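Whatever order the structure lists them in is the order used to number ligands and atoms, beginning at 1. As the structure is a prediction and not an experimental result, all values here were calculated from the model.
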Amino acid sequence: MTMLLHACCGPCSMYPQSVLQYEGTVYDMFWFNPNIHPEFEWNRRLENLQMAADHYGVKLIREGRCLEDYWLSKDYLEEYGSRCAMCYDLRMDYTARYAAEHGYDSFTTTLLVSPYQQHEAIVETCEKKSLQYGVKFRYYDFREGFRKGQNMARDIGLYRQKYCGCIFSLEESEFRDKILKSFES
Ligand code: SF4
């Protein structure tokens, strides 16, 4: 039986992958992150996730595209209350549904490695989607390995971003100007 590991980026995948490898879990990685803007960054993170997948010799499935216009529209605020609630729901809904429809026995996400994410909200969303689609959510608290994973990413030369992903988080980042400059390279 195979797990579907939703991955938000290469660096955040490193520690969770090392855990899954250690425990002998068979998994495919899954890219569905329409929250990453602009498109240049969406492509850059995807390329680096492919490098992380290659490092462990696992399959990477790619779905979706950059949806900057949707984030900017804020059409979702009435339904979800916040952009992050929508963002978690959108990504975990697609992941759980994909897992159920393609014969995976379970799913989890590398979002659970980041101390900067809303951990409990992600868990709650995953549990809801698990029930909705009838596929097991495997909970891991990967946060203790966050630094280790970032170091592993540095060691294999992965790009390590300095903002969460959406255009709003880019604008809020203290590294905004530096990030914008990096898009020109
Ligand atoms: S801050 Fe991060 S989690 Fe929140 S909407 Fe933006 S990309 Fe998604």
Side-chain angles (χ1 to χ4, degrees), residues 4-16 29-50 52 60-99 107-130 132 137-143 145-147 149-150 153 158-183:
L4 193 63
L5 172 63
H6 169 267
C8 56
C9 64
C12 285
S13 80
M14 293 302 287
Y15 180 73
M29 276 218 287
F30 188 63
W31 168 265
F32 179 74
N33 297 295
N35 57 309
I36 297 169
H37 316 141
E39 199 162 356
F40 179 95
E41 182 74 7
W42 188 89
N43 283 315
R44 178 158 64 176
R45 292 194 197 183
L46 175 54
E47 281 164 19
N48 277 267
L49 182 60
Q50 185 64 64
L60 174 62
I61 299 159
R62 305 159 174 220
E63 288 280 314
R65 59 187 177 84
C66 170
L67 290 182
E68 186 175 337
D69 289 348
Y70 179 59
W71 257 252
L72 287 170
S73 74
K74 300 189 179 177
D75 286 348
Y76 45 82
L77 282 181
E78 197 173 329
E79 181 179 354
Y80 290 100
S82 78
R83 69 177 194 241
C84 296
M86 174 277 293
C87 186
Y88 297 143
D89 191 273
L90 192 69
R91 288 190 281 171
M92 294 306 101
D93 186 87
Y94 199 97
T95 301
R97 184 155 49 86
Y98 188 97
F107 73 99
T108 194
T109 173
T110 64
L111 290 168
L112 297 170
V113 81
S114 173
Y116 304 112
Q117 296 288 341
Q118 298 170 36
H119 195 88
E120 284 70 28
I122 295 164
V123 173
E124 199 179 306
T125 305
C126 288
E127 284 171 345
K128 192 170 85 182
K129 300 303 171 184
S130 167
Q132 186 176 344
F137 162 55
R138 278 178 58 182
Y139 173 66
Y140 294 85
D141 189 349
F142 291 125
R143 288 175 294 185
F146 178 70
R147 288 287 155 219
Q150 293 294 312
L158 296 187
Y159 155 70
R160 287 171 296 150
Q161 66 273 0
K162 289 184 164 36
Y163 69 105
C164 188
C166 66
I167 206 72
F168 301 113
S169 61
L170 192 165
E171 287 300 324
E172 290 158 7
S173 171
E174 59 180 300
F175 303 103
R176 176 187 176 277
D177 294 346
K178 208 172 160 188
I179 295 163
L180 290 177
K181 244 191 164 44
S182 77
F183 297 149

Hey, which atoms in ligand 1 end up nearer than 4.0 Å to a heavy atom of Trp71?
5 (S)

Check the angle between the aromatic planes of Tyr94 and Phe30 and answer parallel, tilted or perpendicular using the 30° and 60° thresholds.
parallel

Evaluate the ring planes of Trp71 and Tyr76, with Trp represented by its six-membered ring, and classify them as parallel (under 30°), tilted (30 to 60°) or perpendicular (over 60°).
tilted

Within 45° of the six-membered ring axis of Tyr159 and under 6.0 Å from that ring's centre, is NZ or CZ of Arg44 located there?
yes

Answer yes or no on whether Arg97 is positioned over the face of Phe32, meaning its NZ or CZ is under 6.0 Å from the six-membered ring centre and within 45° of the axis.
no

Nearby protein N/O/S atoms (those under 2.8 Å) for atom 8 (Fe) of ligand 1, with water ignored:
Cys87 SG

Does a side-chain N-to-carboxylate-O contact under 4.0 Å join Lys129 and Asp89?
yes

Side chain to side chain donor-acceptor pair (under 3.5 Å) filter on Asp177, not counting sequence neighbours, yields none

